[in-house]
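Following: one structure in structure tokens, then a few remarks.
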Amino acid sequence: DSGVTQTPKHLITATGQRVTLRCSPRSGDLSVYWYQQSLDQGLQFLIQYYNGEERAKGNILERFSAQQFPDLHSELNLSSLELGDSALYFCASSFSGEYTDTQYFGPGTRLTVL
Amino acid sequence: AQSVTQLDSQVPVFEEAPVELRCNYSSSVSVYLFWYVQYPNQGLQLLLKYLSGSTLVKGINGFEAEFNKSQTSFHLRKPSVHISDTAEYFCAVTSYSSASKIIFGSGTRLSIRP
């Protein structure tokens, strides 16, 4: 158990809908990262927050957005969903958010878009 | 731009045999390298990382990796594998210039035969 929690574990929805994925970092960690893992794209970094502020952006679509709240939990919002958005979404956390940090991954949320 | 190539998508080995999972990277700047493991239905877990110093890095569960700058490689090795090592292994790279963005390889599925 990494100490990172993600809810829900599974999510099934329809094209065009909007969903919110939630992540709680390990106690004491200030930085949260979001990743997408799919069969065709592999594991891709989406976005990073540190202490409430966006720190780095990867291959995140404009239909996707995220935020980190004062209690340090984070939410990833996916809108206008397409079939290709079906994937495993991981959240990770680290203490300082530096590039050399060890990231601790949650168990993931499996999103299925029908 | 940086990239990571994991040369083998699947590696089958017998229990107690040695294994090497290959990883090559490309970058025009100094890099920091990681190996993560993903057990079935779980998130990723850090095995080891190379930041600087000794090119031979020891990690958890008996794994080690060697950073070879001239060959731009960071191969993962274990002298004797166990059934419990069955998992997917990801090599990843980041650098100071990438501002904490991390790029993952496509993964190598290690399957252990009794």
Side-chain angles (χ1 to χ4, degrees), chain A residues 1-7 9-10 21 23-26 29-51 53-60 68 87-110, chain B residues 1-10 23 25 27 29-53 57-61 63 65 67 74 87-109:
Chain A
D1 184 357
S2 66
V4 178
T5 59
Q6 290 187 247
T7 56
K9 289 186 81 169
H10 301 277
L21 312 184
C23 167
S24 292
R26 286 189 329 152
D29 283 356
L30 299 175
S31 192
V32 168
Y33 310 75
W34 285 98
Y35 295 89
Q36 180 194 59
Q37 186 178 35
S38 62
L39 284 174
D40 53 345
Q41 304 262 30
L43 189 60
Q44 289 197 92
F45 166 71
L46 295 178
I47 197 164
Q48 178 200 3
Y49 280 82
Y50 175 77
N51 207 19
E53 300 288 326
E54 182 185 304
R55 175 167 279 195
K57 217 166 189 177
N59 299 323
I60 188 165
Q68 186 180 27
L88 200 47
Y89 290 85
F90 287 109
C91 166
S93 74
S94 74
F95 173 65
S96 73
E98 293 299 323
Y99 52 90
T100 51
D101 256 7
T102 294
Q103 296 182 29
Y104 295 87
F105 282 74
T109 293
R110 184 169 293 281
Chain B
Q2 296 160 2
S3 66
V4 178
T5 303
Q6 291 185 244
L7 299 159
D8 306 296
S9 60
Q10 294 190 58
C23 172
Y25 68 91
S27 175
V29 299
S30 295
V31 296
Y32 306 95
L33 296 152
F34 306 78
W35 275 100
Y36 281 85
V37 59
Q38 185 178 25
Y39 297 106
N41 301 313
Q42 292 186 30
L44 278 71
Q45 180 185 3
L46 181 71
L47 276 177
L48 49 80
K49 60 183 175 182
Y50 171 78
L51 303 180
S52 65
V57 182
K58 293 194 182 295
I60 62 170
N61 302 340
F63 284 93
F67 171 60
F74 191 55
E88 186 137 21
Y89 291 79
F90 293 91
C91 182
V93 64
T94 187
S95 70
Y96 180 77
S97 66
S98 71
S100 80
K101 294 178 193 176
I102 186 167
I103 297 172
F104 286 88
S106 54
T108 297
R109 188 169 299 276

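Per chain, numbering begins at 1; letters A, B, ... match sequence-line order. What's counted below: heavy atoms across the whole structure, side chains too, no hydrogens, waters or symmetry copies.
By the neighbour-count criterion of 12 heavy atoms within 6.0 Å, atom CZ of A:Arg26 is densely surrounded, having more than that number from other residues, nucleotides or ligands. By the 6.0 Å contact criterion, CD1 on B:Ile60 is enclosed, its count of non-hydrogen atoms from other residues, nucleotides or ligands being greater than 12.
Contact annotation for A:Gln44: neither backbone nor side-chain heavy atoms come within less than 4.5 Å of a heavy atom of chain B. Heavy atoms closer than 4.5 Å to chain B are found in both the backbone and the side chain of A:Thr102.
Here B:Leu44 is the residue among B:Leu51, B:Ile103, B:Leu46, B:Leu44 with the most heavy-atom pairs under 4.5 Å with chain A. Contact count against chain A (heavy-atom pairs under 4.5 Å) is highest for B:Tyr32 among B:Phe90, B:Tyr32, B:Phe34.
Between B:Gln38 and A:Phe90, the shortest heavy-atom contact is NE2-CZ, 3.2 Å. Residues A:Asp101 and B:Lys49 share a closest heavy-atom pair of C-NZ, 3.8 Å. Scanning all heavy atoms of the two residues, the minimum distance from B:Ile102 to A:Phe45 falls at O-CB, 3.8 Å.
Summarising the geometry, atom OH belonging to A:Tyr35 is positioned 4.5 Å from atom CZ belonging to B:Phe104; distances are rounded to the nearest 0.5 Å.
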